[in-house]
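Structure first, commentary second.
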Amino acid sequence: MPMIMGQYVAGSIHSALAVKEAEARAERETLVNRIAQRARTTLNPDEILRATVDELAKVLGVTRAVVATGDSEATLEVIYEWTAEGEPSVGLGPRDLPVSRLAARLGRTLFVTDIREDRRFNDPKTATALAKLGVIAIAATPIRIGGRFAASLALVHTDRPREWTADDARLIDSVAQELRGAIAAAEAFEQQRQAVAELERLSRAKSDFVSVVSHEFRTPLTGIQGFSEMMQSEDLSIDEMREYAGDINKDAHRLNRMITEMLDLDKMESGRMEIHREAVDLNAIVTEAAESMRPNAPRHPVSLRLDPLVGEVSADRDKLTQVMANLLSNAVKYSPEGGEIVVSTRLEGNTAHVVVRDHGMGIPKGALETIFERYGRVESLATRHIQGTGLGLPIVRQIVQLHGGAVWVESTVGEGSVFHVTLPRGATVRPEVAEATL
Amino acid sequence: MSRVVFCEDDPMIRKLVQTALRATTHDVHMAEDGKQGLALIEQVRPDVVFSDVAMPKMDGFQMADAMRARPDLAHIPIVFMTASVQREQIDECFRHGASGHLAKPFTMAELRARVAQFSKN
């Protein structure tokens, strides 16, 4: 009897387990079907990603699921995270995920039962990173799109070790397949969104530009129109005639400079501008630019700190002069009277470095990069009286880049700005100059 | 004959206005920015002020607002000279209490007519 009883109990337990297993399997199948169904019917890739990861995590009974994207395993950035209730969050953004990284490098899913006993992850740095994440058991699978690594899915236990089964592996695998589509769509969607935002920005910039240009052009036109009208309709002496003709001429030049600037920038941006390189004495260019600006800015002291070792660079003389003239004229325009402007040059290896420092109003942090973009001038009450088409710095950047150099700015609002230009000295440096620098 | 204050930061336009009005009997005073303009207005108490909008230190609108806040200056008419002919900008001039608007580039006849319009006989 007890024997029969024992058999009966064992049988019941066995069939109960079988039922439970069958239920679990059915639940998993339903999950995969539901995920595939959703992928076919939902348009929002973010929503597919979120729902898929949430369900997978719940069915597997893990405590955390993390999706990270990146161009390579070295630059993983968490884009979505699901956590069980009360579970600490890893947070979105760039994270060090050692298991996902290794899985990506190996190109296959990695299963870890207990990370604390896994020799692949027990070097102190990795162990510390994983301990910080609270990882005990983990399954990490790389997701490849179009032959390249695109993302990683990690399922984590922070509560206990786990022996991953073949069923778990199959499930994770089929869900990862579905996620691939969602991530590819999300990437495409994001690219599209960025393209639209960029177009909107350009369109706004263009209409700003039209209003800036129409404003700036009308100022010299007022002089041209007014003085010519007077010459036409009033009795004037020859001397007066000459004088007004000179004024008209000046304003016509001003207008022409504005138009040339616009066309030059257009040429440079579309790659149609040629530069004529020759050996140019950089310090001489800086000195000339400062000299020619002084008469127009008598109340701005300009001091030069030039390193004679800088010597010659291989550059287009006129274009380089334009770079210095634009930087200096900006320094004057955006500084109060009496604000000292310091131009220095120095040699760094085979690179010439020019620094223009002013004590002007400074540039807000958010504009440090955009001021180099076309029509990217900072518009505010403090700057709107300042004349110019807003093309000076975009032209500077284009010219410097055509020379293989770089330009950037550091600034503190209310204290001033420091513009940096670096230029490779190029091949035409005279040998004796080169020797002198050794 | 009347007293006129002109505020304009562009030296060529200042010279143009001065030259165009020298044959008239008006007493013309020139300022390079709003701050200088306001000081000049206090000093000469003009019959009319002509002002550019975009100027350093104090722009035309700030100068107009400062005049409106002063009971002894609030009555003086201001004509804004702007390079923009966009409706919103012209409206903004009137919101700051403008009595008139002159679009750049303006003809000398327009300029003289506007000055005459605000002159005392």
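Chain A is the first sequence line, chain B the second, and so forth, proteins listed ahead of strands; every chain is numbered from 1. FYI, side chains are in, hydrogens and waters are out, and symmetry mates aren't considered; it's all heavy atoms of this structure. Since this is a predicted model, take the numbers as computed values, not measurements.
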Worksheet item: More than 12 non-hydrogen atoms from neighbouring residues, nucleotides or ligands closer than 6.0 Å to CZ on A:Arg397, yes or no?
Response: yes
Fill in: More than 12 heavy atoms of other groups within 6.0 Å of B:Arg22 CZ
yes
Worksheet entry | Spacing of A:Thr222 atom OG1 and B:Ile13 atom CD1 [to the nearest 0.5 Å] | 4.5 Å
Worksheet, complete the sentence: Whatever's closer than 4.5 Å to a heavy atom in chain B on A:Gln232 counts as neither
Worksheet item: Roughly how far, to the nearest 0.5 Å, is CD of A:Glu243 from OG1 of B:Thr19?
Response: 7.0 Å
Discussion item. Looking at every heavy atom in both B:Leu16 and A:Gly223, which two are closest together, and how far apart are they?
Written reply: CD2-CA, 4.4 Å
Fill in: Pairing of A:Glu234 and B:Arg112 as salt bridge, 4.0 angstrom limit
yes
Worksheet item: What do the steps show when you test B:Lys104 against A:Leu221 for side-chain contact (heavy atoms from CB on, under 4.5 Å), and what is the final call?
Response: CA-CA 8 Å; B:Lys104 292 177 190 170; A:Leu221 265 178; over 6 Å; no
Fill in: Considering all heavy atoms, the nearest B:Lys15-A:Asp247 contact
NZ-OD2, 2.6 Å
Discussion item. Applying side-chain contact (heavy atoms from CB on, under 4.5 Å) to A:Glu229 and B:Leu111, what does each step give before you reach the verdict?
Written reply: CA-CA 12 Å; A:Glu229 190 189 327; B:Leu111 175 69; over 6 Å; no
Discussion item. For the CG atom on A:Leu199, are there more than 12 heavy atoms of other groups (residues, nucleotides or ligands in this structure) within a distance under 6.0 Å?
Written reply: yes
Worksheet entry | CZ/A:Arg242: more than 12 non-hydrogen atoms of other groups inside 6.0 Å | no
Response to the item:
Residues A:Asp251 and B:Met12: closest non-hydrogen pair is OD2-CG, 3.2 Å
Discussion item. More than 12 heavy atoms of other residues, nucleotides or ligands under 6.0 Å from CZ of B:Arg45: yes or no?
Written reply: yes
Worksheet item: Taking all non-hydrogen atoms of both residues, which atom of A:Met230 and which atom of B:Ala20 are closest, and how far apart?
Response: SD-CA, 3.7 Å
Worksheet entry | Contact origin within A:Ile248 toward chain B - heavy atom pairs under 4.5 Å | neither
